[in-house]
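Some notes on the structure that comes next.
Below, each value reflects all heavy atoms present in this structure, side chains not excepted, and no hydrogens, waters or symmetry copies. Start at 1 and go down the list; that is how both ligands and their atoms are numbered.
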Amino acid sequence: MKTDILGVYIDDLILEEAVDAGTALLEEPGFHYVVTPNPEFILSARKDESFRSVLNQADLALPDGIGVVYAAKILGRPLKGRAPGVDFAQALMARMAQTGKSLYLLGAKPGVAEKAAENLRMAHPGLKICGTHDGYFTEDEPVVEAIRASGADVIFVCLGAPKQELWMEKNGPQTGARLTVGLGGCLDVFAGTVQRAPEGWQKAGLEWLYRLIKEPSRIGRMSRLPLILVDALGARLGGK
Ligand code: UDP
């Protein structure tokens, strides 16, 4: 049962439940994909039908940002909490290290995925990373072929939204992987080129503020985000 947040259907799962669900998808035949909507996704999806449709057909849609949780509350459909994509990815890798499933890292600038792989192998002993590719390619086919040849069970697709979601929907089934997860800038975090907010900031729901302080050039992009709360209030008052 999904929760409708301004037209985007979100799974009301805490992190542990999300990881259980992701692990279960890995055991099911066929191809599956996971999306991690934050306020920026939801605002874009309101205007972009193809993006909304890809998000709403995902096997799992995790509430990535605190803004999604606030919007849900305003709408009168509270969620249990956030399940950030980066935490989902870490917990999934911990499980994969135990079960022997293999991971392919796709995205970010040249060199970043390789550095991320190096760090992740150290953080999760036993994790099989079967390949990497940067996110600045022009043709999908050679990339799909490389992933297929690697025998990956899971792909982290980190191309930014909506590119990564559209890529997963179009190319995912041809890769032979069971599960793909759209994870935005996560490879930069895993590689250590971008720092995540300290835990205190995360718990206070201020990760967005930390990111803005570290990357002030995001101000234009982020200044729209409070709109999700305005839209939620409008929808609530309008009885939608
Ligand atoms: N990116 C990519 N290919 C592109 C555009 C972006 O691989 O064509 C990468 C970019 O290098 C970064 C990530 O996608 O690592 C997107 O980061 P962003 O900060 O936009 O994502 P967020 O974390 O906000 O979802």
Side-chain angles (χ1 to χ4, degrees), residues 5 8 10 18 33-45 48 51-52 54-55 58 60-69 82-90 103-120 129 131-144 146-147 155-172 175 180-197 201-202 205-228:
I5 308 291
V8 175
I10 303 283
Y33 67 94
V34 179
V35 295
T36 56
N38 61 28
E40 216 172 341
F41 282 49
I42 294 178
L43 290 170
S44 305
D48 178 346
F51 184 34
R52 189 166 68 239
V54 179
L55 292 176
L60 268 181
L62 306 179
D64 185 76
I66 193 73
V68 179
V69 175
R82 289 188 316 147
V86 63
D87 294 334
F88 174 77
Q90 288 284 13
L103 174 66
Y104 196 99
L105 303 178
L106 174 63
K109 295 196 176 124
V112 174
E114 286 80 358
K115 180 69 190 152
E118 206 181 301
N119 293 346
L120 292 172
I129 298 183
T132 60
H133 198 292
D134 70 74
Y136 295 85
F137 50 90
T138 46
E139 280 175 49
D140 290 338
E141 217 164 285
V143 178
V144 169
I147 297 174
I155 316 168
F156 288 171
V157 185
C158 304
L159 306 173
K163 193 171 177 182
Q164 63 201 9
E165 287 73 23
L166 299 172
W167 195 93
M168 289 195 290
E169 191 204 34
K170 175 169 172 242
N171 299 294
T175 61
T180 65
V181 190
L183 287 168
C186 279
L187 290 181
D188 297 298
V189 174
F190 298 149
T193 50
V194 168
Q195 253 75 48
R196 223 187 145 194
W201 291 61
Q202 289 177 34
L206 291 175
E207 201 158 5
W208 59 273
L209 180 60
Y210 185 86
R211 194 155 188 202
L212 183 60
I213 294 168
K214 289 278 173 190
E215 296 172 67
S217 59
R218 292 177 80 91
I219 184 76
R221 206 170 137 179
M222 288 180 81
S223 61
R224 286 178 61 240
L225 301 188
L227 275 182
I228 191 177

Any heavy atom of R221 sitting closer than 4.0 Å to ligand 1?
yes
When distances are taken from atom 25 (O) of ligand 1, the protein heavy atom at minimum range is G184 CA, 3.4 Å
Check your understanding: With distance as the sole test, does T180 use its side chain to make a donor-acceptor pair with the main-chain N or O of M168 at under 3.5 Å?
Key -> no
Side-chain donor or acceptor of Y33 paired with backbone N/O of L60 under 3.5 Å:
no
Is the backbone of Y104 close enough, under 3.5 Å, to the side chain of T132 for a donor and an acceptor to pair up by distance? no
When distances are taken from atom 22 (P) of ligand 1, the protein heavy atom at minimum range is G185 N, 3.6 Å
Within the 4.0 Å heavy-atom cut-off, what R218 brings close to ligand 1 is side chain
Atom 5 (C) of ligand 1: closest protein heavy atom, distance to 0.1 Å, is L159 O, 3.4 Å
Just so I know, are the side chains of V34 and L62 near enough to count as touching, which here means a heavy-atom distance under 4.5 Å?
yes
Are any of the N/O atoms in G107 less than 3.5 Å from those in ligand 1?
no
For atom 12 (C) of ligand 1, the closest protein heavy atom turns out to be D188 OD2, 3.4 Å
*Please verify whether a non-hydrogen atom of C158 lies at under 4.0 Å from ligand 1.*
yes
Report task. State whether the side chain of D64 and the backbone N or O of P84 hold a donor-acceptor pair below 3.5 Å, judged by distance alone. Result -> no
Note to self: Pair L103, F156 - check side-chain contact (heavy atoms from CB on, under 4.5 Å), show working.
What the structure shows: CA-CA 8 Å; L103 174 66; F156 288 171; 3.8 Å; yes
of all protein heavy atoms, closest to atom 7 (O) of ligand 1 is A108 N, 2.9 Å
If you scan protein heavy atoms around atom 3 (N) of ligand 1, the nearest is G135 O, 2.8 Å
What about Y136: any of its N or O atoms under 3.5 Å from an N or O on ligand 1?
-> yes
From the list E118, Q90, K115, side-chain contact (heavy atoms from CB on, under 4.5 Å) with F190 holds only for Q90
Any heavy atom of R211 under 4.0 Å from ligand 1? The part involved is side chain
In this structure, atom 8 (O) of ligand 1 is nearest to the protein heavy atom K163 NZ, 2.6 Å
- Message: Please determine whether any non-hydrogen atom of M222 lies less than 4.0 Å from an atom of ligand 1.
- Response: no
Is there a side-chain contact (heavy atoms from CB on, under 4.5 Å) between W201 and L209? Walk through the geometry before answering. CA-CA 9 Å; W201 291 61; L209 180 60; 4.2 Å; yes
With a 4.0 Å cut-off on N to O distance, would you call E165 and K170 a salt bridge? no
